[in-house]
Every structure is written in C-alpha cells, then in structure tokens.
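Quick notes on the structure that follows.
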Amino acid sequence: MGIPVDAFTKSELLDVIFRANKDQMHIITVNPEMILAAQNDKEFMEILNTSTINTADGTGLLWAANTQNDSKIISILKLVKLLFKKPTTPLPELIKGSDLILDIAERAAKKGTKIFLLGAQPGVAHKTKHELEKRFPTISIVGTHAGSPSMHEEEKIKDIINDTNPDMLFVAYGAPAQEKWIARNIHKMPTIKVAIGIGGTFDYISGSIKRAPIFLQNLGLEWLYRLTKEPKRWKRIWNAVAVFPYKKISRQ
Ligand code: UDP
C-alpha cells in the first residue's frame, strides 16, 4: 500500500537507535490506521516514505507483509489464522511504540541519553517523567511540555526544546499530527538524534489510561480491551481490523 516497513526485531532496532549516528533519525511506529490515513494524505505518505525507520506497530502489518504475494483466498485464510498465531516473516515481530519507549528509556538511563517529552494533555508528560524516573532512577529527562501540534506554536515549542539540549524527543500528538510535527521541526533542533511519535503512550505510562492485560496483548486483542475502555474508539478499531484487511485484500 505504498509504505515501507523495516524488518527489525526490537533488539536490533534498539542497537540502531543507540549507535553513534551523525544523521538525525525519525522513527515511525506504523499501524494499519496510519496506512489507511496515508492513502488520502499526500504529506503523510511522503513522510512515511522519507522517515529513517518504520516499525510494525499492529498485527495487521505482520499479516499484510506475510500476504504480499498471496491470492485473495490465501490472504483471507491467513487472516483467520491470525487469531491463533502471528506470522514472523518477513517482519520478525511487532514493535509497539508503547513498549519501545520503555526499552529506550531503560537503555537511555544506562547511557546518559537526554530525553524531552512533548505532547499529551497538560500535566501528563510531567507525570510520565516522574513515572519513568521511578522505574529508571538514572534516566535524564531534561524537559516536558504539553503544547499543541498547531503550526502557530511551533517556534515557541522548538525554543523550549532547544533550551534543554536533548538527544531524543518523544512526541505525543497522535498520528499523523505528531509525524508531521517531527518532519517539519526535527531539522530546527540540532541536538536531537532520534525523534519518535508515540501516540497515547504517555497516557499509559502516567497511569491516565490502563493498557490491556498481557494475555490479551499476546493474543493481539489489545484493540478489544481499548474498545471496552474507550467506546469512542470504535471507528478507529473498525478501520484497523476490518477496513485495512479489506483494502489490502482488494488490491491483490
Ligand atoms: N494529543 C495532544 N494534542 C492534540 C491531539 C492529541 O496532546 O492536539 C495527545 C492526546 O492527549 C494523547 C496523544 O496525543 O495523549 C495521542 O492520542 P491517541 O489516542 O490519538 O493516540 P494513539 O495511541 O491511538 O496513536
């Protein structure tokens, strides 16, 4: 569907993120909804094609990559099989933004990497900082700011971030606003080596919203849990579990 996804395991990705690299990296954790959104959004499609690394953040992507050369009927059968077993080729595993952030935080705490947390509702990024400091006492979170993804605020936010000289930036404005924000601004923040849009992850880490129990996450049913907690998400979930497979299969 026009979007490259990198076949990294999470541990390979962490090695790439923490390898000394002189180029700035924009990492996108791609989910089926983002792929659908990009079909009607040229700017987002371009960003997804120029980002440094795209990870598979959604079981639908593992399935889509695993059915690239299959007929419609095989793709449908593989969709049913998903309920029992996730494919591991050609994409080796899911790399969910919400998990990745904790792994990055753990390694950053060991290496002294400086992190800035941008986005979410006022106070949530600050709570997230405290929560991460509790879990990883040596972590260096040099700043937090809620702000908004509006272009009018960009200059001010960029100055706030640059004043703290961070190495890494997590942006929680939801997709595609966060990816567009990063693409427009990363070059104006020279100390940033890695920027990642992380959706609602601060809400989970700060405890504002609870994640699904592990067994549901392992079954690929986190979406079902989220639906029971936030019924207004039904349209987004419908897109991920029905519209995305339908559009993918219709192209085969
Ligand atoms: N958000 C924000 N400003 C906005 C829109 C969203 O700070 O103008 C935050 C919101 O509070 C949440 C995050 O962006 O913390 C993304 O939420 P969403 O549920 O859309 O993300 P998902 O995890 O589904 O990608």
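We count ligands from 1, going down the list as the structure has it; atoms in each ligand are counted the same way. Here, residue 1 is the first one in the sequence, and each next residue gets the next number. Keep in mind that what you see is a predicted model, and the values were worked out from it rather than measured.
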Strictly under 4.0 Å, does any heavy atom of E33 approach an atom of ligand 1?
no

Residue part near ligand 1, for Q178, under 4.0 Å between non-hydrogen atoms:
neither

Point-to-point distance, once rounded to the nearest 0.5 Å, from CD1 of I141 to CG of L132
4.5 Å

Considering only protein heavy atoms, which is closest to atom 23 (O) of ligand 1, and at what distance to one decimal place?
G200 N, 2.8 Å

Answer yes or no for S148: is there a heavy-atom contact with ligand 1 below 4.0 Å?
no

What's the shortest distance from atom 3 (N) of ligand 1 to any protein heavy atom, and which residue and atom give it?
Y173 CD2, 3.7 Å

Specify the protein heavy atom at minimum distance from atom 13 (C) of ligand 1: its residue, its atom name, and the distance to 0.1 Å.
G199 O, 3.4 Å

Do the charged groups of E154 and R184 touch, with an N to O distance under 4.0 Å?
yes

Report yes or no: does F202 have a heavy atom closer than 4.0 Å to ligand 1?
no

Atom 19 (O) of ligand 1: closest protein heavy atom, distance to 0.1 Å, is R233 NH1, 3.5 Å

What protein heavy atom sits nearest atom 20 (O) of ligand 1, and how far away is it?
R236 NH1, 3.4 Å

Salt bridge or not between E133 and K129? Use side-chain N to carboxylate O under 4.0 Å.
yes

Under 4.0 Å from a heavy atom of A172: give me the atoms of ligand 1 that qualify, with their elements.
1 (N), 2 (C), 7 (O), 9 (C), 13 (C), 14 (O)

Atoms of ligand 1 less than 4.0 Å from D203 heavy atoms?
12 (C), 15 (O)

Using a 4.0 Å heavy-atom threshold (strictly under), name the region of P149 that reaches ligand 1: side chain, backbone, both or neither.
side chain

From CG (L94) to CG (D99), nearest 0.5 Å:
9.0 Å

Quick check on contacts: which atoms of ligand 1 are under 4.0 angstrom from a heavy atom of A120?
7 (O), 9 (C), 11 (O), 15 (O)

Salt bridge or not between D159 and K188? Use side-chain N to carboxylate O under 4.0 Å.
no

Salt bridge check, R135 against E131: does any charged N sit closer than 4.0 Å to a carboxylate O?
yes

In plain terms, say whether K96 and D57 are close enough for a salt bridge, that is, a side-chain N and a carboxylate O under 4.0 Å apart.
yes

Suppose we screen for salt bridge (charged side-chain N to carboxylate O under 4.0 Å, His left out). Which residues come up paired with E222, at least two apart in sequence or across chains?
R211

Would you please name every residue forming a salt bridge (charged side-chain N to carboxylate O under 4.0 Å, His left out) with E12, sequence neighbours left out?
none

Considering the heavy atoms of Q121, write down every atom of ligand 1 situated less than 4.0 Å from one of them.
11 (O)

